[in-house]
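Quick note: numbers below take in every heavy atom, side chains included, and nothing from hydrogens, waters or symmetry partners.
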Amino acid sequence: MQVRLKYFLWSNHIIGYKNQGESIILNIGNQFVGVIDSYKVGGRFLTKELLENKGITKLNFICWTHTDLDHSKGLSELFEYVTDETVFILPEGISRREILNSLTEEGLKTEYGDIFNLIEEKITHGYLISANHSSGNIFNFNFRVKIKTFNFSMEAIAPVSYIVRENTLKMIKDIHENNKKLHEKPNYYSIVLRLQVKVDTSSEIVTFCLTGDLDNHTIDELKVFPIKDKFGCNTVFKIPHHGSTTANKLVDYLEKFNHAVSTSFRKKDIIDLPNKEIIEAYKMFGDVHQTGISSDDLEDYGYIVFTFPLENFPKEIDVKYEGAAKKIT
């Protein structure tokens, strides 16, 4: 795939809301655009607003990293940007928790039904990908900016197939024994996307590591792979699982990053993420930012835009904040 860009920019919008919600927009020159997860609050749907503001009419891919509500709400509305060539990526397997939520949890029942119906209706079968730890490159193509040739690649790193199989067997056993307890945690199934761009005249590589809600159990199972090669050095690193203590083991594999971002998660005043100690641990490796800062003076949403001109690649990424988002000092 060879693309000549009209606009010489690569940008990532990382979106979060005050209480919960996460969505990411990848945009290379308005010519290759994808959305990772979705959330909306009331009438505010930032992902869709930003796509409309950029004049985007189609998506090259949608990635649904996992099916929790804070990564899913509004996803069905994004199908208006789907074409016959849109790739839809979702995790291998489906957990019992997700099945029960689709039947019972308010807010998910309708959304799930709409999403799965639209997948059947609008996604070309060959472009539906159930990603796992061995999926490899989902996209790998070259594009040109003036005289420079760039290579873009995107790979999936999780979930781990062994975990998917193990939890499926538990689910089958529970069904046979009429046991309604939930034996698996939801984030075993969350996808990690690793995006890279490099230019043929430079050895420098820009890497975005977008971890979804990867948790420690999955990280442990990934140890048989060169995990430090995948997570060690990144330009932008999305902190897994909203900075939860159940997802802190990636810190052991980090070497450096330019920027890391955590979205917030607050529920009934019991859960308040990101965890402050986790954020301090990440600050040892580079600059750390947060969306969804809680304050009466701020909007109920926030997003961070990472942008750099490919025309002058490589160059330090420009960082801008909107609404409830800031660098953590």
Return yes if a side-chain donor-acceptor contact under 3.5 Å exists between [X] and [Y], otherwise no.
X	Y	answer
Asn216	Asn248	yes
Ser72	Glu111	no
Thr65	Asp37	yes
Gln290	Thr263	no

For a quick test of reading the model, state the closest non-hydrogen atom pair linking [X] to [Y] and the distance between them.
X	Y	answer
Gln31	Asn60	O-OD1, 3.7 Å
Thr291	Gly16	OG1-CA, 3.3 Å
His133	Ser161	ND1-N, 3.2 Å
Arg44	Glu49	NE-OE2, 2.8 Å
Tyr189	Pro91	O-CB, 2.8 Å
Ser190	Asp213	OG-N, 2.9 Å

Between [X] and [Y], does the ring centre distance come in under 6.0 Å?
X	Y	answer
Tyr39	Phe45	no
Phe152	Phe143	no
Tyr303	His13	yes
Tyr321	His289	yes

[X] versus [Y]: any side-chain heavy-atom pair under 4.5 Å?
X	Y	result
Leu193	Cys63	yes
His242	Pro274	no
Ile239	Leu250	no
Lys327	Asp287	yes
Asn12	Ile24	yes
Phe61	Met154	yes
Val35	Leu51	yes
Val319	Val305	no

Enclosure of [X] [atom1] (heavy-atom neighbours >12, cutoff 6.0 Å):
X	atom1	answer
Lys276	NZ	no
Tyr162	OH	no
Lys320	NZ	no
Asn53	CG	yes

field: Candidate pair Thr245 and Ile278, rule side-chain contact (heavy atoms from CB on, under 4.5 Å), full reasoning
entry: CA-CA 7 Å; Thr245 54; Ile278 298 297; 4.2 Å; yes

Criterion side-chain contact (heavy atoms from CB on, under 4.5 Å) on Asp70 and Phe265, from CA distance to verdict: CA-CA 9 Å; Asp70 62 315; Phe265 190 90; 3.7 Å; yes

query: Within 45° of the axis and under 6.0 Å from the centre of the six-membered ring of Phe150, does NZ or CZ of Arg144 qualify?
result: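 Because its charged atom misses either the 6.0 Å distance or the 45° angle limit, Arg144 does not stack over Phe150.
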
- prompt: When you look at Gln20 and Ser264, which way does the side chain to side chain donor-acceptor pair (under 3.5 Å) test go after all the steps?
  reply: CA-CA 6 Å; Gln20 62 177 309; Ser264 301; over 6 Å; no

Hphob cluster co-occupancy, [X] + [Y], side-chain heavy atoms under 4.5 angstrom:
X	Y	value
Val236	Ile205	no
Met284	Val288	yes
Val206	Phe139	yes

Quick one: sort the [X] and [Y] rings into parallel, tilted or perpendicular, breaks at 30° and 60°.
X	Y	result
Phe257	Phe237	parallel
His71	His66	tilted
Trp64	Phe88	perpendicular

How many angstroms lie between atom [atom1] of [X] and atom [atom2] of [Y], to the nearest 0.5 angstrom?
X	Y	atom1	atom2	answer
Asn30	Ile56	CG	CD1	4.0 Å
Thr235	Ile317	OG1	CD1	5.5 Å
Asp114	Leu75	CG	CG	10.5 Å
Lys238	Ile304	NZ	CD1	11.5 Å
Ser135	Glu92	OG	CD	7.5 Å
Phe79	Glu121	CZ	CD	9.5 Å

query: Can you list the steps and then say if His241 with Thr246 is a side chain to side chain donor-acceptor pair (under 3.5 Å)?
result: CA-CA 8 Å; His241 205 181; Thr246 64; 3.3 Å; yes

task: Check for a donor-acceptor pair, side chain of Arg194 on one end and backbone N or O of Leu210 on the other, with a separation under 3.5 Å.
output: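 No, Arg194 side chain to Leu210 backbone: no donor-acceptor pair under 3.5 Å.
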
message: Please evaluate residues Asn234 and His259 with respect to the criterion side chain to side chain donor-acceptor pair (under 3.5 Å), reporting the C-alpha separation (whole Å), side-chain torsions for both, the decisive distance (0.1 Å), and the verdict.
response: CA-CA 8 Å; Asn234 293 283; His259 304 281; over 6 Å; no

Does [X] come within less than 4.0 Å of [Y], counting only side-chain N to carboxylate O?
X	Y	answer
Lys48	Glu77	yes
Asp220	Lys223	yes
Lys58	Glu85	no
Lys18	Asp300	no

message: Using side chain to side chain donor-acceptor pair (under 3.5 Å), reason through Tyr81 and Thr86 one step at a time and then give a plain yes or no.
response: CA-CA 9 Å; Tyr81 299 94; Thr86 300; over 6 Å; no

query: Would Tyr188 and His217 satisfy side-chain contact (heavy atoms from CB on, under 4.5 Å), going step by step from the backbone distance to the final call?
result: CA-CA 7 Å; Tyr188 291 173; His217 183 81; 3.5 Å; yes

- prompt: side-chain contact (heavy atoms from CB on, under 4.5 Å) with Lys249: which of Thr218, Leu222, Asp215, Ile219?
  reply: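 Among the candidates, only Ile219 passes.
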
- prompt: Would Ile14 and Phe306 count as a side-chain contact (heavy atoms from CB on, under 4.5 Å) if you check the C-alpha gap in whole Å, the side-chain angles of each, and the deciding distance to 0.1 Å?
  reply: CA-CA 8 Å; Ile14 299 182; Phe306 298 96; 4.0 Å; yes

